[in-house]
Student: 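Before I ask anything, here is the structure I am working with.
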Amino acid sequence: MATETLRCSFRSSLGGTTRCQDPVYAEGLCRFHYECLLRGEVLPNGQINEMLFDQDRRRTINFHGVPHDSREYVR
């Protein structure tokens, strides 16, 4: 029987369907997003807190553990 690796339940606000790919640490979140939860930056349902107004911090939280498109941008 194969064991399934549990992934973080944080949902990025980048489209709303992209999830962090890091393994679960606690409360269904990876270590980084769990620490954000403790600081009130992430809600228990795995979404970023809309009351977080620091845009640099929001980007850091949203992009953590999200696979990035490595293709070169061509116009």
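Worth knowing before you read on, the calculation uses all heavy atoms, side chains too, and leaves out hydrogens, waters and symmetry mates.
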Student: Any side-chain heavy-atom pair from Arg57 and Cys36 closer than 4.5 angstrom?
Tutor: yes
Student: Which Ile, Leu, Val, Met, Phe, Trp or Tyr residues join Tyr34 in one cluster when any pair of side-chain heavy atoms under 4.5 Å counts as a link?
Tutor: Phe10, Tyr25, Leu29, Phe32, Leu37, Leu38, Val42, Ile48, Leu52, Ile61
Student: Rounded to the nearest 0.5 Å, how far does NE2 of His33 lie from CD of Glu27?
Tutor: 15.0 Å
Student: Between atom CD of Gln21 and atom SG of Cys30, what is the distance when rounded to the nearest 0.5 Å?
Tutor: 10.5 Å
Student: Ignoring hydrogens, what is the shortest heavy-atom contact between Asn49 and Met51? Give both atom names and the distance.
Tutor: OD1-N, 2.9 Å
Student: Could you list the residues that satisfy side-chain hydrogen bond (donor to acceptor under 3.5 Å, both in side chains) with Arg19, not counting sequence neighbours?
Tutor: none
Student: By the side-chain hydrogen bond (donor to acceptor under 3.5 Å, both in side chains) test, which pairs, at least two apart or in different chains, include something from residues 58-67?
Tutor: Ser12-Asn62, Ser13-Asn62, Asp22-His64, Asp56-Arg59
